[in-house]
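In what follows, every heavy atom counts, from backbone to side chain, and hydrogens, waters and symmetry copies are set aside. Below, chain A is the first sequence line, B the second, and so on; all start at residue 1.
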Amino acid sequence: MVAFNPDETSEIARARLKKRSLNVQLVDRLFVAAVYILLATFLAIVLLPLIYIVASSFSSPQAVSAGRVGLWPVDFSLRGYEVALRDPKIVSGFLNSIFYTVAGTLISVVLTIAVAFPLSRVDFFGGSLITKLIVFTMLFSGGLIPTYMVVRSMGMLNTPWAMIIPNAIGVWQVILARAYFRDAIPKELYEAARVDGAGDIRFLLLVAIPLAKPMIAVIALMYAIWQWNSYFDALIYLRTDALHPLQLVLRNILILNTQSNLGDATAMLERQQLADLLKYSLIVISTVPVLLIYPFVARHFTKGIMLGSVKG
Amino acid sequence: MAVSENGDEIDRRGWRYRARRSWQRHWQLYLLILPPLVYFAIFKYLPMVNAIIAFKDYNVVAGVWGSPWAGWKHFSSFFGNLVFWQLIRNTFTLSAYYVLASFPIPIILALALNEVRLRAFKQTVQLVTYAPYFISTVVIVSMTILILSPRIGLVGDVFGLFGVPAVDFLGRADYFRHVYVWSDIWQTTGYSAVIYMAALASIDPSLYEAAKVDGASRIQKIIHVDIPGLMPTAIIILILGVGNIMQVGFEKAFLLQNPLNLSQSEIISTYVYKTGLLNANFSLATAINLFNAMINLVLLVGVNAVAKRVTGRSLW
Amino acid sequence: MAGVELSGVTKAFGGFHVIHGLDLKIDDGSFTVFVGPSGCGKSTLLRMVAGLEDVSGGVVRIGGTDVTDADPVARGIAMVFQNYALYPHMTVRQNIGFPLRMQGAAKKTVEQRVSEAAEILQLGELLERKPAQLSGGQRQRVAIGRSIVRNPDVFLFDEPLSNLDAELRVSMRVEIAKLHKTLGTTMIYVTHDQTEAMTLADKIVVLRAGRIEQVGTPVELYTNPASLFVAGFIGSPRMNFLSGTYVDSFVTLVNGVSWHAELDIDGSAEILVGVRPEHFVPGPASVSLPLSVDIVEYLGGTRYVYAALPGESPLTIEDRGADDMQSGSSREFPLDTSKALYFTPEGKRLYALG
């Protein structure tokens, strides 16, 4: 029989643990290196195409057309931007988009608050029925043609209204706003306001809206970006070129290869080269407004996604 | 029952009392909510009523109610059409491919980001990968076309490096789905990862401490702590994806379409657009749409039942 | 100014009753405190007076007018909430002036009344600050300021001090008492803290499970509680309860100590004897109680002795002696039986005859 020695066993155990933790440390270091490589790859995959587009947009028509541009401008030139900004269609598309975005966002935000605030009040009779009816529209819709018929019968076809009204309220935004009004504004404030003699509308204007500014900013940005980026409503509801938003103009030039006004370039070859270059400049022009504000709003957007996940 | 000052009996129970009280107290809110309700009635519920033309031979002169009934004619003509199975297959394959391929990548990105201690690097990766989400569909599709263009695009150069002739990805039907799905993954991975990042952030820190005390390596920690913590979110997202499987967005598929890839790129929503608005066959287009919407509804309700059982809560 | 009258007031959520047909008259100009353990319905009752909660039955009158279905603002009340409910985006000045602006008062009037209120509550230098920049006590003063500018007929306080630390609670309590003296307006105050109730109230309403247990002045409730519940709830430290028997006009404790008492029952019964900590003093009707000492707490002038009869839970004894008292030791304590109260085991008060 060997005498049982507790000290000895614990020493062995400690040594084993030490050895194991050395192994763990080595594996961990390799793993962290792998993680950084993986993330760098993600970064490169997202960044390279963007850099390529920007680099091309600042290159000469000949270099772009010959496919000579990589990740740095070749024969630096601003020809693409010059042509783009001289094109009346592109300029009018840009201005139209600004108008649709501003007006549409304004109307959308007002209507969203008008529906979300009453639904956030617990003792609002009929609120749960209305909520169900609204959520149902997310699950089932009459479809493209029946909706088109409604817009047509309202006389909105080929008017700016068609860009602003038919998709004015997003159900997701309503759910988000309702959750915010209900959960982020203490119910005692509402009660205090009732005692102080503020009716529902005055409470909304003087208390709820000032306190819901972060949420309102988020839904406004959601609507604005959606409005700026969409082309489908314009495609089906608008005929007149003068009403087209930027995205539809882009689609015609970028994807359908409709010749734009290329100014003084007359030679066939030059026209083709300019048309190629123009696409890159246009992509940059149309995307820069959104990406410029993006870093400032990204944080709020993240919050917005989280707010939405608070169940309605 | 209570008796008020003037002797009237007031029943304070039941919905009638609550409704009257709510109106007295909140009439301003009822006025406020009226315009949005009118909006929903006109632009969401009226189209559902108009969808009745799927069972009629609609013509503009007679209007929705004046047009003659056609029964199931448009449905059977759609089912009998050769294009029917092709549309179903294209829609389903594209969607299923997308759901499966786009599911794991944001999770990997989130798990990897969660391991990074360098704040600046972490934020840069997050900011950059999130950015494409804000680019419009038109621009994404144009970028895809330009980059994949054999003549001038970036990909042509890469093929050139290896001395291989460039592949025309958009000119061949077989490549359509890959182009569609992977360009979408490029655009949305960073955005989707945010949801998983939040789920990771909400994991109880004491679990990590316990793992550390137990001598777990980082990989073990991911397997035993991170991934179980992500599961509920991941399951909901997967289930939602399955629920929307017959609802591929029109916008992108339509833009990526060209005569060469139509055999795989024609999906239900693009076909409805062409039938209805380009060929002006309102009733047939509505019938196809209605058929699709019903499948969606059944799928969503079914999927919600599954979600309820798995996660214990309803998706809506 | 106005009194408040509740008659037959009930409140039910679904089929569940939280207030059971309750009658109460609150005098004009009085300071009334609703007190009771959490869940007794005291806050609900206050909110029904305020009009924030619909009544399920009965009538609420303020100043003789039936306000059962009236809006809060039409009742002439002002309310101070537990978490202050200040509007976070408004300055102190705007917060206090808010009710006046809602009434459509002229700018000048608002300014004047706000500065009057600020003077009463010493908020002068804080008027341009936002609530987030204030301490808890300052916030509470702003909440009170917001309620006094309207010159309400009735002030309602819903546990206003429970978010403050102990020291501040005492000084705010004094301020509220002063305010009542200055304004002379009817005040109704809800708290679960019996000390607040005792120090502030003209009249205390003890609530339990949606029913009124007893209404009375603090002294009445302390010296003459109507039930075991009130006796146990009012007073700090709590009243001691000893189990005993009543046979032939004699009360006997478990350890055999007994004394003469004429109670309002026939024959014999199990009873509970209630003795306040300060009634362990010698007197003409004292008996001697041998107890074993658990712990002694010194509070300066006085001390609390926790001591027990064998097999019973410890009693709290207020003692002014200065001699050394070891825990674990046994000794005799005098008990003034003339001050003892008697209850049935179900909690009903047994009154002494004569």
Got [X] and [Y] here, is their nearest side-chain heavy-atom distance under 4.5 Å?
{"X": "A:V151", "Y": "B:F43", "result": "yes"}
{"X": "A:V115", "Y": "B:Y39", "result": "no"}
{"X": "B:M294", "Y": "A:F140", "result": "yes"}
{"X": "B:L113", "Y": "A:F42", "result": "no"}
{"X": "A:L235", "Y": "B:F250", "result": "yes"}
{"X": "B:I135", "Y": "A:L50", "result": "yes"}
{"X": "B:N296", "Y": "A:L139", "result": "no"}
{"X": "A:T287", "Y": "B:S136", "result": "no"}

Exercise for review: Step through it carefully: locate the ring centre of A:F232, locate the ring centre of B:F254, and say whether they are under 6.0 Å apart.
Suggested key: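 When the ring centroids of A:F232 and B:F254 are compared, they turn out to be at least 6.0 Å apart.
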
Pairwise distance [atom1]([X]) to [atom2]([Y]) - rounded to 0.5 angstrom:
{"X": "A:L111", "Y": "B:L32", "atom1": "CG", "atom2": "CG", "value": "9.5 Å"}
{"X": "A:I134", "Y": "B:L37", "atom1": "CD1", "atom2": "CG", "value": "6.5 Å"}
{"X": "B:L256", "Y": "A:I255", "atom1": "CG", "atom2": "CD1", "value": "7.5 Å"}
{"X": "A:Q25", "Y": "B:S217", "atom1": "CD", "atom2": "OG", "value": "11.5 Å"}

Residue, of [options], that accumulates the most heavy atom pairs under 4.5 Å with chain B:
{"options": "A:A168, A:A114, A:G142", "result": "A:A114"}
{"options": "A:S141, A:A40, A:P49, A:G199", "result": "A:P49"}
{"options": "A:V27, A:L250, A:I165", "result": "A:I165"}
{"options": "A:I201, A:I130, A:I53", "result": "A:I201"}
{"options": "A:M154, A:R194, A:K279, A:R121", "result": "A:R194"}
{"options": "A:V35, A:L119, A:L248, A:L48", "result": "A:V35"}

Can you name the nearest heavy-atom pair linking [X] to [Y], along with the distance?
{"X": "A:L38", "Y": "B:I108", "result": "CD2-CG2, 3.7 Å"}
{"X": "A:I145", "Y": "B:A285", "result": "CG1-CB, 3.7 Å"}
{"X": "B:E251", "Y": "A:S230", "result": "OE2-CB, 4.5 Å"}

Review point. Among B:F282, B:Y273, B:F121, which residue forms the greatest number of heavy-atom pairs with chain A at distances under 4.5 Å?
Key: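 Highest number of pairs under 4.5 Å: B:F282.
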
For [X], which atoms come within 4.5 Å of any heavy atom of chain A: side chain, backbone, both, or neither?
{"X": "B:V60", "value": "side chain"}
{"X": "B:Y30", "value": "both"}
{"X": "B:L118", "value": "both"}

**Study point:** Structural part of A:S65 lying under 4.5 Å from a heavy atom of chain B
**Key:**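 Contact with chain B involves both backbone and side-chain atoms of A:S65.
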
Check your understanding: What part of A:V69 gets closer than 4.5 Å to chain B, counting heavy atoms only: side chain, backbone, both or neither?
Key ->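 The backbone, not the side chain.
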
Review point. Would you find a donor on one side and an acceptor on the other, under 3.5 Å apart, between the side chain of A:Y148 and the backbone of B:G276?
Key: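 Side chain of A:Y148 to backbone of B:G276, a donor-acceptor pair under 3.5 Å: no, none is there.
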
Check your understanding: Counting only N and O atoms by type, is there a donor-acceptor contact under 3.5 Å from the side chain of A:D200 to the main-chain atoms of B:W27?
Key ->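 The answer is no, because no donor-acceptor pair under 3.5 Å joins these two groups.
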
